[in-house]
Amino acid sequence: MKPSIPKGTRDFTPLETARRKYIFDTIRSAFELYGFEAIETPAMENLSTLTGKYGDEGDRLIFKILNSGDFLKDIREKDLSVDFPNDWVPFISEKALRYDLTVPFARFVAMNRNSIPFPFKRYQIQPVWRADRPQRGRYREFWQCDADVVGSPSLLNEAELIQIYDEVFSNFKLPVKILINNRKILAGIAEVIGKPDQLIDITVAIDKLDKIGVEKVMEELQNKGFDTETISKLQPVFDLKGNNEHKLAFLSSYLHSSETGKLGIEELRQVLDFFEGDNKLNLRDSSIEVDITLARGLNYYTGTILEVKAAEIDFGSIGGGGRYDDLTGIFGLPDVPGVGISFGADRIYDVLLMQGLFPQSAITSTEVLIANFSTADQRYALGLLQTLRQSGIRTEIYPEFAKLKKQFDYAEKKNIPYLLIYGEGERQNRIAEIKELSSGKQISIDISEIADFKKQFK
RNA sequence: GUGGCCAUAGCUCAGUCGGUUAGAGCGCUAGUUUGUGGAUCUAGAGGUCGUGGGUUCGAUCCCCAUUGGCCACCCCA
């Protein structure tokens, strides 16, 4: 048969896997540096846990798992007047692949409320699945790296999460823009123009400003039934430019009649204050930019909204997050606020690759290959092999008596920097030959000093 | 879910206005070199031209369907 894998999924070669490990390790150590603990949840959840949490569009993109056994039995017992297939779903599927890490985490918190400390700081690095149509930067199986704090309304958490973004992307040598907004500001805007109930329509439209331009956004609002007068009230929002302070000043006057809006401004200001003035937190390579067109994740976010984009390349969002007042309530644990961020590992991979930012150290595996010529050589070389490994040097021996050229080729393909030659002649002289492939430099070294051979190449 | 482009060797792609043995580069194998690579040269292996059907004396080429890939919209990491 012809081998293939499902649409939107990928195999990873050793090189790709090493690079991905570099990404995960970098993110993981930042999470741990900031006091987050790892958890894991199952690849599949009960379908009822997931449905209704991501909006209609989200529900459609959930991968559902067919029940085992004679799952059509229940349907036969009903009547078949229901329409296939959507009405059948409750009968034929009760499990689904997780769609993100946040909702399973909320479920986890509700279930384990008595055994975890609050505020609970957890991180989670696992794959998620979406039945989306794949395209550039979009896969059906991809990995998210989430860090969330639940049980604390403090905006200090926001500041720390922003610092984590800065920490990680600075370590990647990838300058980023951290966009920030507040859901309450968006709600305030909807109030001010007299359409508090159409918050979603408004924000979805505003969100597209930089993509499709003012005119198309207005057109879309008209199609949604907004009258000209209402749209004109939004005009100042469309036109807003300038630095963060300027934007906040504008919002203060624009939203002065909305209590919710003013609250949003205050929250936003407090978060930004952590990074200004005396005793401020410093960001290394990132900038924070207030962006009131940032809407994302309207399903459960209620306060701060964050999104990260590479500063020098347009590749969509490579991370996002926000605050939610009550994500666990629906699982029976009310009044637990939370805030979290997510890194899109697969998009970060693509961006780092395009920018040439993967360090060589991320892809080196074996350091020394011992060439193998004969049964006798091989037996004696095993001692060296063991010595090198016990010294922590990643070493392998070529398992067959092949031509030296072939062994060189093997070392090159595996990116092994050193080839060690230890044949009969060397053995009698108690030495080994070690060649650095990149430079061609070759040394002889007494085998008693073999573990320190790298000094000879510096 | 909607729309567009594409599918020829392991990879990147030529090609045939429908006609006999479908090509190149790279890669691979072997030799040049029975323990010192990356170069050169030589030889070789490798393709049911995505799959199914149709038109035709004849289809890799034209038509239809299907599958897969890419891209845009929607949405999103």
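Lettering follows sequence order; numbering is per chain, from 1. Since the model is a prediction, treat every value here as computed from it, not as a measurement. Side chains included, hydrogens not; waters and symmetry mates left out as well; all remaining heavy atoms used.
Taking every heavy atom of residues 158-170 of chain A and every atom of RNA chain B, no pair lies under 4.0 Å. Residues of residues 129-150 of chain A having a heavy atom closer than 4.0 Å to RNA chain B, listed by number: A:R130, A:D132, A:R133, A:Q135, A:R136, A:G137, A:R138, A:Y139, A:F142, A:Q144. Within residues 415-424 of chain A, the residues approached by RNA chain B to less than 4.0 Å at the level of any non-hydrogen atom are A:I421, A:G423, A:E424, in residue-number order.
Not counting sequence neighbours, the partners of A:Q386 by the side-chain contact (heavy atoms from CB on, under 4.5 Å) test are A:Q390. Qualifying side-chain hydrogen bond (donor to acceptor under 3.5 Å, both in side chains) partners for A:S448, counting only residues two or more places apart in sequence or in other chains: A:D446. Here A:R20 pairs with A:D346 under the salt bridge (charged side-chain N to carboxylate O under 4.0 Å, His left out) rule; sequence neighbours left out. With sequence neighbours excluded, no residue forms a ring pair (Phe, Tyr, Trp, His ring centres under 6.0 Å) with A:Y34. Evaluation of the side-chain contact (heavy atoms from CB on, under 4.5 Å) rule for A:M218 yields A:V214, A:I231, A:Q235, A:F238 as partners, not counting sequence neighbours. Contacts of A:T302 classified as side-chain hydrogen bond (donor to acceptor under 3.5 Å, both in side chains), with partners at least two apart in sequence or in another chain: A:D325.
Counting only Watson-Crick and G-U wobble pairs whose two key distances fall under 3.5 Å, RNA chain B forms stems of three or more stacked pairs at B:1-7 with B:67-73, B:10-13 with B:23-26, B:28-31 with B:41-44, B:50-54 with B:62-66.
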Please tabulate, one pair per line, each protein N/O and nucleotide N/O from nucleotides 26-30 of chain B that are separated by under 3.5 Å, including the distance.
from, atom 1, to, atom 2, distance (Å)
B:rC28, OP1, A:K413, NZ, 3.4

What side-chain donor-acceptor pairs closer than 3.5 Å can you find for residues 99-110 of chain A, not counting sequence neighbours?
from, atom 1, to, atom 2, distance (Å)
A:D100, OD1, A:Y54, OH, 2.7
A:D100, OD1, A:T102, N, 3.4
A:D100, OD1, A:V103, N, 3.3
A:D100, OD2, A:Y300, OH, 3.2
A:T102, OG1, A:D146, OD2, 3.4
A:R107, NH1, A:E45, OE1, 3.0
A:R107, NH1, A:E45, OE2, 2.5

